K.L.:
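Attaching a single structure in C-alpha cells format; questions to follow.
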Amino acid sequence: MNYNIALVPGDGIGPDVTAESVKVMDKVGEKYGHKFQFTTVLAGGAAIDAEGTCLPRNTVDVCKNSDAVFLGAVGGWKWDTLPGDQRPERAILGLRKELGLFANLRPALLFEELAGACPLKAEIIEGGLDIVVVRELTGGIYFGEKGYKNTELGRAAYDVEQYSEEEVKRIAVVAFDMAMKRNKKLISVDKANVLESSRLWRSVVTEIAKGYPEVALNHMYVDNAAMQLVRDPKQFDVIVTSNLFGDILSDEASMITGSIGMLPSASLAKGNFGLYEPIHGSAPDIAGQNKANPMASILSFAMMMRYTFGLTNEADEIEKAVKSVLGKGCRTADIMSPGYELIGTKEMGDRIVKAIDEQ
Ligand code: IPM
Ligand code: MG
C-alpha cells in the first residue's frame, strides 16, 4: 500500500528526531512492502523565518490532503518575544482546529527498563505504570472567546471555557472505546464543584456511560487528580478530560514515568486521520547536537501505524524494537544512568532500524 504522510519537522530537536523516524519508516516499509511517501512542510518558527507566518496555508493544505501528519516539535527562544498570536505554538493550535483533531491520546507508560528514572518511590510504581490521558483538543478555554476590556480595576483579560454537549460526547466515546480495549476503567476529570462547564461535562459523560455498562466510570476533581497521580498513580488507567486540564495532567503523568523523551502522542479526527508527535518540546538547547532521544518520535510513528493505518503488526514491531534496544543497554543522554551505553540520536535511530531488521 502507498501512504502519504505530511512531514512537519518544525524547530529545535524536531528535525533531529523526525529524521530518525523516517529511517524507521523506510525500514518498516521495506520489510512489509509499504510505501510511505512524505511531503515536507513548514510550521512554527521555521515557517515564521521562511514565510513570515507560523502556519502557512500550503502547510494546512498539504496536511489536509495527506493520510496522516507527522510532526517533530515547534517553538524556541528565538521567537519567544513575538506577540501571542504570532508565536510558533499557534501553528499547533491552528493545525488542531483546521484538521479537526479533537481527541488527543497521551499514553504515559513506564518502561520497566527505565524504572530507575521514575521520580516516585519504588513501592508506589511497583508493577509498572500504564495510563492513557484522553484530552479534548479543539474546545474549551483554548478556543473560547478571548480578549481584553477596560474595567475600573484597569485592563482585564479573559478566556472563556465553554463546552457543548456534542464536543463532550465525541471525546467521551473515544475514551470509553479506549477503556473497552484496555482494563475497562475510566476516570473523568473535571471541576464540577465550581464550574458550570464541568457540570455539563460530567452529566454528558455519565449519559454516555450507559452505552458502556462494562466500563467502571469514576469522576474526579482536577485538583484531587493532580494529587492522586503522584500519591497512587496505579489507580488510573484511562483518564478523559478537557483541553486545559488534559494539558496539565498529561505533563504530570509523563513526568512520573521519568522519561518524557520516550512518550508519543496521537491527535485524532473523526475517522482515521491523525497527527502524531512526541510529547516533548523542541529543546532548543540541544538542537542539532545529536543528543535528543528519538524514541518518542519513533513511537509516535508506531501510533500512526496503529490508529490511522490499522497496521497492528508493524506497530507492535516498532514498539518491540524500541524495547529491545533499551534492553541491550543503549541510552540517550536524557535516560542515561551509570553502567549503560551512551549513544546519540542518529545511533539510536540506527539501532532501532537494526533491531527491526533482525526481529
Ligand atoms: C501541548 C502543548 C501545547 C498545548 C502548546 C504548545 C500550545 O503544551 O501539546 O501539550 O498547550 O496544547
Ligand atoms: Mg502541554
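Start at 1 with the first residue, then count along the sequence. Predicted model only: the values in this text are computed from it and were never measured. All ligand and atom numbering here is 1-based and tracks the order in the structure.
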K.L.:
With ring centroids as reference points, do F70 and Y276 lie under 6.0 angstrom apart?
P.N.:
no
K.L.:
Short N/O distance, under 3.5 Å, between E89 and ligand 1?
P.N.:
no
K.L.:
Quick one: does D247 get within less than 4.0 Å of ligand 1, heavy atoms only?
P.N.:
yes
K.L.:
Which of the numbered atoms in ligand 1 are under 4.0 angstrom from any heavy atom belonging to R135?
P.N.:
1 (C), 4 (C), 9 (O), 10 (O), 11 (O), 12 (O)
K.L.:
I'd like to know if E341 and R351 make a salt bridge, using a cut-off of under 4.0 Å between side-chain N and carboxylate O.
P.N.:
yes
K.L.:
Tell me which pairs pass side-chain hydrogen bond (donor to acceptor under 3.5 Å, both in side chains) where either residue lies in residues 255-274, with sequence neighbours left out.
P.N.:
N104-S267
K.L.:
What do you reckon, does E277 have a nitrogen or oxygen under 3.5 Å from a nitrogen or oxygen of ligand 1?
P.N.:
no
K.L.:
With a 3.5 Å cut-off and no angle check, do the side chains of T206 and H219 form a donor-acceptor pair?
P.N.:
yes
K.L.:
List-wise, which protein N, O or S atoms are found short of 2.8 Å from the Mg ion (ligand 2)?
P.N.:
D247 OD1
K.L.:
Are more than 12 heavy atoms, taken from residues, nucleotides or ligands other than K354, located less than 6.0 Å from that residue's NZ atom?
P.N.:
no
K.L.:
Between R106, R96, R87, which one has a non-hydrogen atom sitting closest to atom 12 (O) of ligand 1?
P.N.:
R96
K.L.:
Under a plain distance cut-off of 3.5 Å, with no hydrogens placed, do Q289 and D16 share a side-chain donor-acceptor pair?
P.N.:
no
K.L.:
In the hydrophobic clustering that connects Ile, Leu, Val, Met, Phe, Trp and Tyr at side-chain heavy-atom distances below 4.5 Å, which members other than L229 occupy its cluster, ordered by chain and number?
P.N.:
L110, L120, I124, I125, L129, I131, V133, I187, V189, V194, L195, M220, V222, V230, F236, I239, F245, L249, I256
K.L.:
Around atom 4 (C) of ligand 1, find the nearest protein heavy atom and jot down its residue, atom name and distance.
P.N.:
Y142 OH, 3.5 Å
K.L.:
From the options D223, T241, N224, select the one residue that forms a side chain to side chain donor-acceptor pair (under 3.5 Å) with K191.
P.N.:
D223
K.L.:
Please enumerate all residues that pass side chain to side chain contact (heavy atoms under 4.5 Å, CB included) together with K146, with sequence neighbours excluded.
P.N.:
D159
